[in-house]
**Student:** 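My structure is below; once you've seen it, I'll send some questions.
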Amino acid sequence: MIPPSFEYFRPKTISEAVALLQQHGDEAKILSGGQSLIPMMKLRLARPGFLIDINRIAGLSYIKEDGGFLKIGGLTREAELEASSLIRSKYPIIHDTASVIADPQVRNLATVGGNLAHGDPANDHGATMLALGAQVVATGAKGQRVIRIEDFFVSIFETALKHDEILTEIQVPIPPAKSGGAYFKLERKVGDFATVAVAAQVTLDGNGACQKVGIGMTNVGATPLKAKKAEDFLRGKKLDEAGINQAAQLAADESQPSPDLRGPAEYKKGLVQELTKRALASALKRASR
Ligand SMILES: Cc1cc2nc3c(=O)[nH]c(=O)nc-3n(C[C@H](O)[C@H](O)[C@H](O)COP(=O)(O)OP(=O)(O)OC[C@H]3O[C@@H](n4cnc5c(N)ncnc54)[C@H](O)[C@@H]3O)c2cc1C
């Protein structure tokens, strides 16, 4: 399919891109990796009149630790996350996530900023960033503001970003010692969106009990969901089999899947339960190393 016609801009700075967004209002869209936007345009589900390609803006792609945070530039590609030794060694949950998104061709172009900004509950980074307690930096005409990831996802395909804001950075608090996380996804075939996926991140205290815990769920609601009851239940407890099972049940209860071609709602709740168990067990193992 051929997308409807549009006007194309290739700004060299963020302020130029923001000015274009302001000038063209609701009809303008940022183009990053194009791996969600272009297919939607080809299917005529999106018809932006103006595309603002931010790929030529320097300094938007990086992965570094700075000021207590892991900082990921908005334009960082999935393939860069996958290849990063820092991500592999210290943030395996992000490596797990990036490496199950689509296929290598898509991952060469798709960006983390685009993945979050798209606001698709089936996108994988949302749940992981919820588990990690991340925040995003939005840059607009008035400068930068920081949005907690918990406040970022508003509804299906809707985020807290204003129309003239660009997601320029993702900030993940550097996890203390004895932390670990994992992302488990079930897909119908390699390269598919998740039928269901679960992210879990834990920090253990000196007695091996759960000091901090984050659990995020993919594609079981209108937005990526945080399993708050499961988290509350686990805080202060040892991650033994009974505790993990109880938390997994709570996460399944909190999930709000809809029936679709990937399966009925009850099946998806069962998957939340199983994948929560696996993600927590793997997070515990990684935190105990
Ligand atoms: C075959 C296929 C399979 C896929 N499978 C998966 C999968 O398994 N899991 C998964 O998570 N995703 C999957 N995707 C989606 C893919 O990961 C997308 O790339 C990602 O959702 C969007 O990133 P992008 O950089 O391509 O964004 P784009 O397509 O360029 O943009 C997407 C939306 O976000 C906006 N946007 C982009 N960047 C910014 C920014 N920095 N600031 C503000 N707004 C911005 C755009 O205006 C647009 O509305 C798949 C895509 C394809 C084509």
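Counting starts at 1 for both ligands and their atoms, in listed order.
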**Student:** Hey, is ligand 1 close enough to Glu165 that some N/O pair sits below 3.5 Å?
**Tutor:** no
**Student:** I need the atoms of ligand 1 closer than 4.0 Å to a non-hydrogen atom of Asp124, numbered in the order shown.
**Tutor:** 7 (C), 8 (O), 9 (N), 10 (C), 11 (O)
**Student:** Report yes or no: does Arg77 have a heavy atom closer than 4.0 Å to ligand 1?
**Tutor:** no
**Student:** Can you name the one residue among Arg88, Arg286, Arg278 that meets salt bridge (charged side-chain N to carboxylate O under 4.0 Å, His left out) with Asp96?
**Tutor:** Arg286
**Student:** Any nitrogen or oxygen of Ala122, side chain or backbone, less than 3.5 Å from one on ligand 1?
**Tutor:** no
**Student:** Measure His163 to ligand 1 on non-hydrogen atoms and call it side chain, backbone, both or neither using the 4.0 Å cut-off.
**Tutor:** neither
**Student:** What atoms of ligand 1 come closer than 4.0 angstrom to any heavy atom of Ile166?
**Tutor:** 41 (N), 42 (N)
**Student:** Listing request: all side-chain hydrogen bond (donor to acceptor under 3.5 Å, both in side chains) pairs with a residue in residues 221-233, at least two apart in sequence or in separate chains.
**Tutor:** Lys226-Glu231, Asp232-Arg235
**Student:** Using a 4.0 Å heavy-atom cut-off, say whether Asp192 meets ligand 1 through its side chain, its backbone, both or neither.
**Tutor:** backbone
**Student:** Measuring only between side-chain heavy atoms, which start at C-beta, is Gln144 closer than 4.5 Å to Thr168?
**Tutor:** yes
**Student:** Does Ile38 reach ligand 1 with a nitrogen or oxygen that is under 3.5 Å from one of the ligand's nitrogen or oxygen atoms?
**Tutor:** no
**Student:** Using a distance-only test with no angle check, is there a side-chain donor-acceptor pair under 3.5 angstrom linking Ser61 and Glu80?
**Tutor:** yes
**Student:** Whether the side chain of Ser89 engages the backbone of Leu86 through a donor-acceptor N/O pair (distance < 3.5 Å, no angle test) should be reported.
**Tutor:** yes
**Student:** Is there any N or O on Ile30 that sits under 3.5 Å from an N or O of ligand 1?
**Tutor:** yes
